[in-house]
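One structure is given here, and the rest of the page talks about it.
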Amino acid sequence: MLLKEKTAIITGGGSGMGRAMARLFAAEGARVAVADINGEAAEKTAQEIGSRAMAIQVNITDDSQVRHMIEQALISFGHINILVNNAGVPMSFVPIEELEEDQWTRTLDVNAKSIYLTAKYVVPHMKKRGQGVIVNTASIAGIRARPGLHAYCASKGAAIMLTKALAIELAPYKIRVNAINPGPADTPMLSKFINGGQAQIEKDTKEVFVNSVPLGTLIHPGDIASAALYLCSDMARMVTGEVLNVDGGRGI
Ligand SMILES: NC(=O)c1ccc[n+]([C@@H]2O[C@H](COP(=O)([O-])OP(=O)(O)OC[C@H]3O[C@@H](n4cnc5c(N)ncnc54)[C@H](O)[C@@H]3O)[C@@H](O)[C@H]2O)c1
């Protein structure tokens, strides 16, 4: 039981990696708030877990909704030990001159601004307790670019640097901040990086994504959950400002 007596908020907990994290954290003894813009999906994950979980519907780009998420978790749990900023949105290939400003803003808001917003409301609580762990799900795309994914790459690069900036600022308060860079992973998001129908998705999944991973397979959501578990547990008590690639070697 690596997270006995701990409490955690996991954003994007209704699907993919967030769902795997919520299940694993609960199995390791934590009480978990499964937060997602898709309230039904959050509810479903929470119900699968049972009494150790609660669902919160939240748009993590909205200041007042984020504040409410933190307040709800505090009311239910009494304290918050762990926050995982995992929710994110993908983008598929688009030439830079055709990228609409809306898409740029939305991608940066969900994937990067949300980390600032959640910190704004959870850090005062963590500072008061003199402890806390924040983990951000960034991406290998934050350090290795792909053509046509500019906004996504920029948002994840921002998430990585924000992780380090928060880690150095919050270390005196014993708040640790780390990031995980997943490589191409077998979740509902992967197909959304690909333009085209089912045949194109199957072709690119194999030829672009699987073939880009030296270890030869897509990353499993459970691989990311295991990395998050380590970073959130006391086993990583002296690890902060670190970015852990869980990418089958894609980032080498
Ligand atoms: N799947 C991959 O190949 C891959 C690779 C590298 C990094 N990532 C990153 O991993 C994280 C998890 O992705 P996943 O693959 O599990 O995707 P997913 O699509 O399965 O899950 C993402 C979840 O985030 C939620 N979400 C989206 N916008 C939100 C918002 N504004 N407010 C609250 N919730 C919101 C969605 O409803 C969804 O449940 C993301 O940050 C993603 O960018 C994914």
Side-chain angles (χ1 to χ4, degrees), residues 9-24 33-46 55-70 72 83-92 103 105-118 135-146 149 151-160 162-163 179-194 201 204-205 208-210 212-213 217-225 227-228 243-248 250-251:
I9 299 175
I10 299 170
T11 72
S15 178
M17 301 173 194
R19 183 164 166 267
M21 288 176 198
R23 292 164 66 116
L24 182 60
V34 181
D36 206 292
I37 197 167
N38 182 340
E40 241 172 72
E43 199 60 60
K44 189 161 174 263
T45 303
I56 301 176
Q57 183 167 18
V58 62
N59 178 352
I60 48 150
T61 68
D62 182 289
D63 187 289
S64 63
Q65 290 191 36
V66 170
R67 178 165 50 79
H68 187 237
M69 171 183 81
I70 302 296
Q72 265 183 285
L83 171 75
V84 185
N85 289 301
N86 166 79
V89 284
M91 72 178 289
S92 54
Q103 188 178 5
T105 305
R106 178 162 176 269
T107 308
L108 270 287
D109 280 1
V110 180
N111 294 351
K113 186 182 89 172
S114 61
I115 298 172
Y116 144 67
L117 285 179
T118 57
V135 168
N136 302 318
T137 309
S139 172
I140 205 66
I143 56 169
R144 256 199 104 178
R146 273 194 191 282
L149 286 193
Y152 187 78
C153 293
S155 71
K156 294 301 188 178
I160 289 167
L162 187 49
T163 299
I180 297 170
N181 282 344
D186 190 8
T187 73
M189 183 179 284
L190 191 67
S191 62
K192 298 180 190 147
F193 285 105
I194 301 165
I201 288 173
D204 283 9
T205 297
V208 178
F209 290 120
V210 175
S212 75
V213 179
T217 58
L218 293 177
I219 285 76
H220 189 271
D223 299 321
I224 307 302
V243 183
L244 181 55
N245 293 352
V246 183
D247 65 342
R250 156 91 182 128

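Counting convention: from 1, in listed order, for ligands and their atoms alike. Residues take their numbers from the sequence shown, with the count starting at 1. The structure displayed is predicted, hence computed values, not measured ones. Every heavy atom of this structure was used, including side-chain atoms; hydrogens, water molecules and symmetry mates were not.
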Q: Using non-hydrogen atoms of the residue, decide whether Thr137 is closer than 4.0 angstrom to ligand 1.
A: yes
Q: Answer side chain, backbone, both or neither: which part of Asn111 comes under 4.0 Å from ligand 1, heavy atoms only.
A: neither
Q.
Under a 4.0 angstrom heavy-atom cut-off, which atoms of ligand 1 come close to Leu190?
A. 3 (O)
Q) When only distance counts, is Ile37 in polar contact with ligand 1, meaning an N/O pair under 3.5 Å? A) yes
Q. Looking only at N/O atoms, are Ala35 and ligand 1 under 3.5 Å apart anywhere?
A. no
Q | Option nearest atom 13 (O) of ligand 1 (shortest heavy-atom distance, choices Met21, Met189, Gln57, Met91) | A | Met189
Q: Out of Ala141, Gly12, Pro188, Pro184, indicate the one that has the non-hydrogen atom closest to atom 23 (C) of ligand 1.
A: Gly12
Q | Numbered atoms and elements of ligand 1 in range of Val58, under 4.0 angstrom, heavy atoms | A | 32 (N), 33 (C)
Q | Any N/O pair Ile140/ligand 1 closer than 3.5 Å | A | no
Q) Which residue pairs pass the side chain to side chain donor-acceptor pair (under 3.5 Å) test when at least one of the two sits in residues 179-191, sequence neighbours left out? A) Asn181-Asn245
(Q) Students should be able to answer this: which protein heavy-atom is nearest to atom 31 (N) of ligand 1, and at what distance? (A) Asn59 OD1, 3.0 Å
Q: Identify the heavy atoms of Thr118 and Met69 that sit nearest to each other, and give their distance.
A: CG2-CE, 4.0 Å
**Q.** Spacing of CD belonging to Gln57 relative to CD belonging to Gln65, to within rounding of 0.5 Å
**A.** 7.5 Å
Q: For Ser212 and Pro184, work out which heavy atoms get closest and say how close.
A: OG-CG, 3.9 Å
Q | Nearest-contact summary for atom 43 (O) of ligand 1 - protein heavy atom, Å | A | Tyr152 OH, 2.8 Å
Q) Per the side-chain contact (heavy atoms from CB on, under 4.5 Å) rule, which among Leu117, Ile9, Ile56, Val58 passes with Ile70? A) Ile9
Q) Hey, does Asn86 come in under 3.5 Å of ligand 1, counting only N/O atoms on both sides? A) yes
Q: Ignoring hydrogens, just give me the one of Ala138, Gly39, Gly88 whose non-hydrogen atom is nearest atom 9 (C) of ligand 1.
A: Ala138
Q. For atom 4 (C) of ligand 1, what's the nearest protein heavy atom and its distance?
A. Met17 CE, 3.7 Å
Q | Donor-acceptor pair, side chain of Thr45 and main chain of Gly13, under 3.5 angstrom | A | yes
Q.
Keeping Arg250 on the side-chain end and Ile140 on the backbone end, is there a donor-acceptor pair under 3.5 Å?
A. no
Q. Nearest protein heavy atom to atom 5 (C) of ligand 1, by residue and atom, and its distance?
A. Gly183 O, 3.4 Å
Q. At what distance is the nearest protein heavy atom to atom 18 (P) of ligand 1, and which residue and atom is it?
A. Ser15 OG, 3.6 Å
Q: Decide whether an N or O pair under 3.5 Å exists between Thr61 and ligand 1.
A: no
Q | Atom indices of ligand 1 within 4.0 angstrom of Gly16 heavy atoms, with elements | A | 16 (O), 20 (O)
Q. Among protein heavy atoms, which sits nearest to atom 39 (O) of ligand 1, and what does the distance come to when rounded to 0.1 Å?
A. Asp36 OD2, 2.6 Å
Q: Please report the closest heavy-atom contact between Val66 and Asn59, naming both atoms and the distance.
A: CG2-O, 4.2 Å
Q.
Looking at Ala138, is its backbone amide N or carbonyl O close enough to the side chain of Asn136 to form a donor-acceptor pair, meaning the two atoms are under 3.5 Å apart?
A. no
Q. When rounded to the nearest 0.5 angstrom, what distance separates CG in Asp223 from CG in Asp247?
A. 10.5 Å
(Q) Has Asn111 got a side-chain atom pairing as donor or acceptor with Val89's backbone, closer than 3.5 angstrom? (A) yes
(Q) Out of all atoms in ligand 1, which are within 4.0 Å of some heavy atom of Ala185? Include the element for each. (A) 1 (N), 2 (C), 3 (O)
Q. What's the shortest distance from atom 15 (O) of ligand 1 to any protein heavy atom, and which residue and atom give it?
A. Thr187 OG1, 2.5 Å
**Q.** For Phe193, ring pair (Phe, Tyr, Trp, His ring centres under 6.0 Å) partners two or more places apart
**A.** Tyr152
Q) Are any side-chain N or O atoms of Lys113 and backbone N or O atoms of Thr61, one a donor and one an acceptor, separated by less than 3.5 Å? A) yes
Q) Where is the nearest protein heavy atom to atom 30 (C) of ligand 1: which residue, which atom, and how far? A) Ile60 CG1, 3.5 Å
Q.
So if I count the atoms of ligand 1 from 1 in the order they appear, which ones are less than 4.0 Å from some heavy atom of Ala87?
A. 24 (O), 26 (N), 34 (N), 35 (C), 41 (O)
Q: Would you mind telling me if ligand 1 is within reach of the side chain of Arg19, the backbone, both or neither, using heavy atoms under 4.0 Å?
A: neither
Q: From the options Val135, Thr137, Val34, select the one residue that forms a side-chain contact (heavy atoms from CB on, under 4.5 Å) with Met21.
A: Thr137
